[in-house]
Amino acid sequence: MTAAGPDGLPPLHLPRRTRLLLYGALLLLVAAVAAALAIGPGATLSPLLAVAPVLAGATTRKARVPLLVGAAALVAVGALESENTQLPASVRITVSVTVLASTLASAASVVLVAARERELYQVRTVAEAAQRALLRPPAERIGPLRLAVRYVAATAEARIGGDLYAVVETRFGVRVLLGDVQGHGLSAVETAADVLGVFREAARTEPDPARLAERLDAALTARPGDDGRFATALLLDVPAGREPVRVVNCGHPPPLLRRAGRVAELAPPVPAPPLGLRELTGEDYAASRFDPGPGDLLLLHTDGVSEARDARGCFYPLAERLPGLHGGSPADLLDAVLADVRGWVGEPGLADDAALLALRWDH
């Protein structure tokens, strides 16, 4: 996040289209002043100078800027009208009052916008602190593993949503969780926080990843004031030695294994319910296994990626496009995936939160 200035606001950034529109308005204003000088006595275009403080207010978050520009505009009005003796006094007064009113209104608008932006900046700062507390970035390297995560909230101001991830080093090996809480808003964030808290505690004491999934399910079911909210999740148990990796899929999109340029889904042998719905289905969680080799990369993702749609309504084909995306590290690859997803979706961007977690075995 961009650091705030002395006034508590980040630097003002105007999009290119906005700058072009402002430049166009400024050119028209200059042309109007030139035309007023050319027309001569009997007519005036000086009321257009009321636009000057409005343009100034659009380029700053300091109220003194439109006030100074407005003062200069009043001086210019006086100079133009002093040469135009045929104008009635009522017109002269009206022009001056119009420029003065525009100046004061522009300054008031700048003060109001700056106050709202300062409040929004503070909210986003708190949201980023909450994200760092809940979604702690893992170490880039743990033993033979290289890891990276990326999280993109659909609402940029929110910074955090219902997607979640965690990586915990334990005596059993590395435990990985990636999940997606059903729904949106603060209740989804609260549920995600509960799941992460239970996972970080249970991952260090529960040797069986299937049992770990059961404990997460029980904790989600027993939440106070339960509203039936559930979460899909992937649990990975990566031993410190050369034992197979165990994967428990709790109703989540399967992880993708990229090996020797090919991509395959690690679909669960038996479907399992999302966390919080096991009592309804009566099904147990079971772990599948795979043997990683040097250079293998495992990509975990939420449906914010796989269900991103283009203008035609087609889903983003992650498994098909992943072989053609390259990166020197898991972090570079995740950046390439997100850039490709954004290119697929176009404007206005992702419609849902998205989380990505990549693991690569270097040896």
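Only this structure's heavy atoms are used, side chains among them; waters, hydrogens and symmetry mates stay out. Just so it is clear, the model here is predicted, and its values are computed rather than measured.
The salt bridge (Lys or Arg N to Asp or Glu O under 4.0 Å) check on R258 picks up nothing, with sequence neighbours excluded. Among residues two or more places apart in sequence or in another chain, the salt bridge (Lys or Arg N to Asp or Glu O under 4.0 Å) test is passed with R150 by D335.
For W361 (side chain) and L298 (main-chain N/O), no donor-acceptor pair under 3.5 Å exists by modelled atom type. Remark: the backbone N or O of A105 is not paired with any side-chain donor or acceptor of S109 at under 3.5 angstrom. For R204 (side chain) and R200 (main-chain N/O), a donor-acceptor pair under 3.5 Å exists by modelled atom type. A donor-acceptor contact shorter than 3.5 Å links the side chain of R229 to the backbone of Q182.
Sorted by first then second residue, the side chain to side chain donor-acceptor pair (under 3.5 Å) pairs that include residues 292-305, not counting sequence neighbours, are D163-T302, R259-D296.
In summary, R175 and E206 do not engage in a salt bridge, as defined by a charged side-chain N under 4.0 Å from a carboxylate O. Between D362 and R360, at least one side-chain N (NZ, or NE/NH1/NH2) sits under 4.0 Å from a carboxylate O, which counts as a salt bridge.
Atom CZ of R141 has more than 12 heavy atoms from other residues, nucleotides or ligands within 6.0 Å. No more than 12 heavy-atom neighbours from other residues, nucleotides or ligands sit within 6.0 angstrom of CD on E140. Residue F315 places its CZ atom among more than 12 non-hydrogen atoms of other residues, nucleotides or ligands, all under 6.0 Å distant.
In summary, of the residues considered (L178, L357, V238), a side chain to side chain contact (heavy atoms under 4.5 Å, CB included) with V167 occurs for L357 alone.
Below 30°, between 30° and 60°, or above 60°: for Y316 and W344 the angle between ring planes is above 60°, a perpendicular geometry.
A donor-acceptor pair shorter than 3.5 Å can be found between the side chains of S329 and D332.
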